[in-house]
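Remember, predicted model here, so these are calculated numbers, not experimental data.
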Amino acid sequence: MPRGYAVVLGQSIGTGDSDGCPTSGDQAETLGTKAVIDWLNGRAKGYDANGAPVTAGWTTGAVGMTGVSYNGTLPNQVATTGVEGLKTIVPVSAISSWYDYYRANGLVVAPGTFQGEDLDILAQYTAGQARAEGPCADEIAEITEKQDRATGDYSTFWRDRDYLDARNVRASVFVVHGLNDWNVKTEHFAGWWDELAKRDVPRKIWLHQGGHGGPGSSASVTLPDGRTWTYKQTENRWFDFWLWNVRNGIMDEPTAVIQREDRAYTTYANWPDPGARDVELNLAATDATAPGTLTTGKPPKAKVEQSFVDEGRTIHPDTLVANPDTASANRLAYRSPTLARDVRVSGRPEMRLRMAIENKPDANLTAYLVDYGPTGSTAAPTVVTRGWMDPQNRKSAARTEPVKQGKLYDYRWTMEPKDYIFPAGHRIGVVVFSSDQEYTLLPLGGTELRVAPNDSELRLPIVGGRGALGF
């Protein structure tokens with residue numbers, strides 16, 4: 001192959017010509033994929049279609065893994081084993097925890113555009129119909145049972161499919177992800193990145209403005225020294241360094257490459273931005289129905305409460321985030337003053353909400369961070385990021401705890417990580433509603449929720465801290 005590399009296409013257990021069954025991300029799949037690296041390094045036996053032994057005497061044993069989506073998840077899985085010979089991985093739009101793919105803070109959620117999918121559906125898909133309805137039917141039925149769509153709780157089943165432990169990782173990691181990927185959501189790269197940083201794993205990150213997939217081979221960034229590299233060149237240079245020990249200086253370059261909203265790429269020392277500081281924006285309201293505000297000052301002393309009714313099954317989120325200066329019976333909106341300067345968010349926004357469920361034992365809970373134009377703007381708002389929670393999991397994603405109807409509780413959850421610049425002249429908004437037509441389960445409408453806005457807040461990781469807000 002050009003550049004001195006051979007390419008091995010290793011099929012996961014339960015797919016292709018395998019006579020096994022797919023187990024969707026557990027240790028069986030991890031070890032099955034690890035065996036490929038062991039074979040390339042002479043530690044595992046291999047056979048051809050006729051049963052004759054096959055060895056890989058043509059390789060140095062230095063292995064890099066890359067792929068997109070599920071094919072990028074497998075490298076994450078195998079890297080956690082610390083297998084000898086795996087020198088580097090380039091996971092693109094890859095999963096780091098299957099719980100975070102199909103759940104959020106105890107709530108059953110869907111990957112974007114695949115409403116209703118769960119781990120058993122994925123296993124059926126990867127197995128193919130003949131295998132899924134034949135010899136693998138019992139394994140898939142077990143996945144259906146143990147994935148638990150009733151409570152959404154984190155469990156041993158999900159822990160077996162969680163790769164957020166880098167203590168054994170020996171390979172370097174080049175993380176690539178779309179900042180607008182709502183299939184494999186941004187928590188997957190951020191949680192993995194945090195763990196790699198904790199273990200001081202050699203790493204680099206490239207974030208783009210696209211959705212699910214890579215940035216495209218021709219995407220380019222100009223480094224501080226004036227050199228310009230495309231994404232594909234950067235990937236090649238990464239493999240050259242880690243597989244052939246080519247001293248090309250790639251590890252001396254900025255750690256993070258991020259595509260900004262104008263589609264230009266720039267470099268940063270790290271991600272999240274080291275200059276980001278959590279800033280509390282208090283939710284404030286003086287009226288029971290009028291939209292409220294976001295303020296860095298103290299909220300009003302008045303104990304105003306606001307209510308809304310869940311109709312997410314029939315009302316699309318685009319409708320719920322629109323018209324933020326108008327009251328709505330089905331959501332609550334809070335807006336900042338007009339920004340005097342650009343404001344960059346880098347990290348995980350966090351919602352803290354004091355709320356009661358009035359007439360049901362449980363409810364979906366959704367919050368959207370929104371970029372609104374100036375007051376009176378008719379432009380469509382931009383949803384910056386989203387977050388979901390099951391009120392019964394307010395203390396732990398692993399434990400369902402009933403709520404008392406009509407009682408105010410304090411709920412706290414993070415939205416999907418983001419790096420975003422709110423332009424000067426725009427307003428920061430947060431919209432709170434219940435069922436999310438695109439992501440959560442969709443119960444019949446009518447659930448009533450009551451919020452104490454003056455006892456609630458939005459926390460944003462703002463580069464430059466409170467002073468950067470300009471209001």
Original post:
Out of D278, D194, T414, T385, which one pairs with R348 under the side-chain hydrogen bond (donor to acceptor under 3.5 Å, both in side chains) rule?
Top reply: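 With R348 as partner, side-chain hydrogen bond (donor to acceptor under 3.5 Å, both in side chains) holds for just one option, D194.
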Subject >> Of D118, T144, D120, the residue whose pairing with R149 passes side-chain hydrogen bond (donor to acceptor under 3.5 Å, both in side chains) >> reply: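 Of the listed residues D118, T144, D120, the side-chain hydrogen bond (donor to acceptor under 3.5 Å, both in side chains) partner of R149 is D118.
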Original post:
Parallel, tilted or perpendicular for W98 and Y101, by the 30°/60° rule?
Top reply: perpendicular
Original post:
How are the rings of W206 and Y231 set relative to one another: parallel (under 30°), tilted (30 to 60°) or perpendicular (over 60°)?
Top reply: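 Ring orientation, 0 to 90° scale: perpendicular.
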**OP:** Report the C-alpha separation of L40 and V8 in whole Å, then their side-chain angles, then the decisive distance to 0.1 Å, and conclude whether the side chain to side chain contact (heavy atoms under 4.5 Å, CB included) test is met.
**Re:** CA-CA 10 Å; L40 289 167; V8 175; 4.3 Å; yes
Original post:
So, D390 and R103, do they make that salt bridge, N to O below 4.0 Å?
Top reply: no
Original post:
So does E305 pair up with K303, basic N to acidic O under 4.0 Å?
Top reply: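 Judged by the 4.0 Å cut-off on N to carboxylate O distance, E305 and K303 do not form a salt bridge.
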Original post:
Okay, side chain of N330, backbone of F308: is any donor-acceptor separation there less than 3.5 Å?
Top reply: no
Original post:
Under 3.5 Å, is there a donor-acceptor pair between the side chain of N76 and the main chain of P91?
Top reply: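 No; zero donor-acceptor contacts below 3.5 Å.
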**OP:** For a ring pair (Phe, Tyr, Trp, His ring centres under 6.0 Å) with Y439, tell me which candidate from Y368, F433, W388 qualifies.
**Re:** W388
When you check the side-chain N and O atoms of [X] and [Y], is any donor under 3.5 Å from an acceptor?
X	Y	result
T88	W238	yes
D310	S435	yes
D181	S93	yes

**OP:** For L469 and I462, run side chain to side chain contact (heavy atoms under 4.5 Å, CB included): C-alpha distance rounded to whole Å, both residues' side-chain angles, the deciding distance at 0.1 Å, then the answer.
**Re:** CA-CA 8 Å; L469 276 172; I462 294 175; 3.7 Å; yes
Original post:
Taking it one step at a time, do V92 and H177 satisfy side chain to side chain contact (heavy atoms under 4.5 Å, CB included)?
Top reply: CA-CA 6 Å; V92 182; H177 214 99; over 6 Å; no
Original post:
Within 45° of the axis and under 6.0 Å from the centre of the six-membered ring of Y268, does NZ or CZ of R344 qualify?
Top reply: yes
